[in-house]
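Here's the structure we're looking at; comments come further down.
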Protein chains: 2
Amino acid sequence: MTLEYPDALQRRIPEATVSRLPLYLRSLLDFSEREVSTVSSEKLAAATGVNAAKVRKDLSYLGSYGTRGVGYDVEFLVHAISQRLGLTRDRKAGIAGVGNLGRALVNYRGFGERGFRIAACFDSDPLKIGTAVNDMTVSSIDEIEASVCAGGITIGIIATPAAAAQDVADRFVAGGVLGILNFAPAVLTVPPEVTLRKVDLSIELQILAFYVGRDSGLIQAAIEAAK
Amino acid sequence: MTLEYPDALQRRIPEATVSRLPLYLRSLLDFSEREVSTVSSEKLAAATGVNAAKVRKDLSYLGSYGTRGVGYDVEFLVHAISQRLGLTRDRKAGIAGVGNLGRALVNYRGFGERGFRIAACFDSDPLKIGTAVNDMTVSSIDEIEASVCAGGITIGIIATPAAAAQDVADRFVAGGVLGILNFAPAVLTVPPEVTLRKVDLSIELQILAFYVGRDSGLIQAAIEAAK
DNA sequence: CTCTGTGAAAATGTTCACAGCG
DNA sequence: CGCTGTGAACATTTTCACAGAG
């Protein structure tokens, strides 16, 4: 499925680890701002809500960058993680759909600050096209292909209703994006060379409902059993 | 860590399965709307982007509800999954922070339609307090405890800036919520009886960046190797 | 003596492959 | 026959526990 990486170049980082690196990065940036120069795996664990052994194993995939008896150098780690996540080069993203969610994403501090720049936004609503969002002019959905291609946009963000999502994805792909982040509650099909991730807000709430329901059931059961 | 569930009551459903149930549910609702009465694991797999063996194993945790040679009854499964996710009782949620993201969540079709009702919203900005969002009046953050308690709200959604998130969480907990869904980029502490889930928009983008970066590197390497 | 780095064990999750029901 | 349900094989992830560097 995946091509083999030339082994000398860099060790393969497990998926589970990759998904935690941004978490560590954020905490490390906090430490850095508070002028903390060194952290132990224990401290980083406390700050991120991950356990210490996992932190050490995760960081070990980046290389042996810690000092025994001391911990990790904050600045060094910030750099190493940013590097590995590919946040050092600055990436342009385009966003389709400037409803509430789209606007929330455009204004999201976290995006702009970490090597991402929202360089274009698109909508199908004639009333929105031509208006400004965060000092960007909203373009028509039809212009995605040309705009992505001409503007060197490598990432497409989809924040449209589900019905429009596949069309938008096809346009992003035609324009040549390398990755798509999909917020629409729809299953998309893209060619294998394009990386696709999805975030589904209502699914998260439903998962929460399961655990909430179960736990209150559990408590009921426990009360019952205690009688 | 977790209490043992009385075995007769219901089989324990693995976490990975729970996180896919809402996905199946959505597809099943689509089938239902299109008046499809029966689906095979293969069909459901295609519609959700999960593989068929996984679909069958997941559904088997709910019970043996399929018919061999035929498939699963759509309506029956919809009911069974809704039941297990605890979506049959109607739940009230409160939302703190009515910036762009908060408003996007309030208006999110997916929330209202599946047994959730956003029953209250809160903000700290005096300019927003008293205004209406989706025919709800925005209340002050200070009123969370009382409002949650009096209104029977069981779920708190946090869409505030990171700095306010822990305070809001404490208030939700004091008011008696059973679960919290956190969109703020902050690590929260809540008592163990409160279920906590988080969604971090910028982290998803960073994870995407990793795979995008790696794959374009891969392509480079492949070109190199082919020479 | 502290804290990393890591093998090895345990737990969790995924895929295979096929027996057997309808 | 077609398609579910599920043991058993395989893969990934987490946790443990400790040797050894500083």
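Worth saying up front: this structure is predicted, and the values here are computed from it rather than measured. In what follows, chains carry the letters A, B, and so on, assigned in the order in which the sequence lines appear, proteins first and then strands, with residues in each chain numbered from 1.
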Original post:
Could you write nucleotides 17-22 of chain C as a row of B, S and -, 5' to 3', where a protein heavy atom under 4.0 Å of any base atom gives B, of only sugar-phosphate atoms gives S, and otherwise -?
Top reply: B-BBBS
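- Scanning residues 16-24 of chain B for heavy-atom distances under 4.0 Å to DNA chain C yields B/A16, B/R20.
- No side-chain donor-acceptor contact under 3.5 Å links B/T67 to the backbone of B/V70.
- As rounded to whole Å, 15 Å separates atom P of D/dA11 from atom NZ of B/K54.
- With rounding to whole Å, B/D73 atom CG is found 16 Å from D/dC3 atom P.
- Rounded to whole angstrom, the span from the CG atom of B/L59 across to the P atom of D/dC3 amounts to 15 Å.
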With a 3.5 Å cut-off and sequence neighbours excluded, list the donor-acceptor pairs that the side chains of residues 171-192 of chain A form with protein atoms.
{"residue": "A/R171", "atom": "NE", "partner": "A/D167", "partner atom": "OD1", "Å": "3.4"}
{"residue": "A/R171", "atom": "NE", "partner": "A/D167", "partner atom": "OD2", "Å": "3.3"}
{"residue": "A/R171", "atom": "NH1", "partner": "A/E145", "partner atom": "OE1", "Å": "3.4"}
{"residue": "A/R171", "atom": "NH1", "partner": "A/E145", "partner atom": "OE2", "Å": "3.3"}
{"residue": "A/N182", "atom": "OD1", "partner": "A/A184", "partner atom": "N", "Å": "2.9"}
{"residue": "A/N182", "atom": "ND2", "partner": "A/A184", "partner atom": "O", "Å": "3.2"}
{"residue": "A/N182", "atom": "ND2", "partner": "A/A186", "partner atom": "O", "Å": "3.2"}

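- Between the side chains of A/S32 and A/E75, at least one donor N or O sits under 3.5 Å from an acceptor N or O.
- Taking A/Y108 as the reference, A/F111 meet the ring pair (Phe, Tyr, Trp, His ring centres under 6.0 Å) condition, with sequence neighbours excluded.
- For D/dT4, the OP1/OP2 oxygens have a side-chain nitrogen or oxygen of B/S41 closer than 4.0 Å.
- Comparing atom distances between the A/K57 side chain and each of D/dT13, C/dT6, C/dG13 picks out C/dT6 as nearest.
- Between B/Y72 and D/dG5, a side-chain N or O to OP1/OP2 separation shorter than 4.0 Å is present.
- Distance from the side chain of B/S64 is smallest for D/dG5 among the nucleotides D/dT13, C/dT6, D/dG5.
- Residue pairs satisfying the salt bridge (Lys or Arg N to Asp or Glu O under 4.0 Å) criterion with at least one member in residues 24-37 of chain A, sequence neighbours excluded, are listed as follows: A/R26-B/D200.
- Using a 4.5 Å heavy-atom cutoff, the side chains of B/L59 and B/S41 are not in contact.
- In this structure, the CD atom of A/E42 is 16 Å from the C1' atom of C/dC1, given to the nearest Å.
- Residue-level contact check: B/E15 touches the backbone only, with heavy atoms under 4.0 Å from sugar-phosphate atoms and none from bases.
- To the nearest angstrom, P of D/dT13 lies 15 Å from CG of A/N51.
- Between B/Y61 atom OH and D/dT4 atom C1' there is a gap of 15 Å when expressed in whole angstrom units.
- If you take NZ of A/K43 and C1' of C/dT4, they are 15 Å apart, rounded to a whole angstrom.
- Between the CD1 atom of B/I13 and the C1' atom of C/dT12 there is a distance of 16 Å, rounded to whole Å.
- Under the 4.5 Å side-chain criterion, counting only non-hydrogen atoms from C-beta, B/K92 is not in contact with B/T154.
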Subject >> Check against side-chain contact (heavy atoms from CB on, under 4.5 Å), B/K57 and B/T17 >> reply: CA-CA 9 Å; B/K57 184 140 271 188; B/T17 295; over 6 Å; no
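- Counting only residues at least two apart or on different chains, the ring-ring contact (aromatic ring centres under 6.0 Å, His included) pairs with a member in residues 43-77 of chain A are A/Y65-A/F76.
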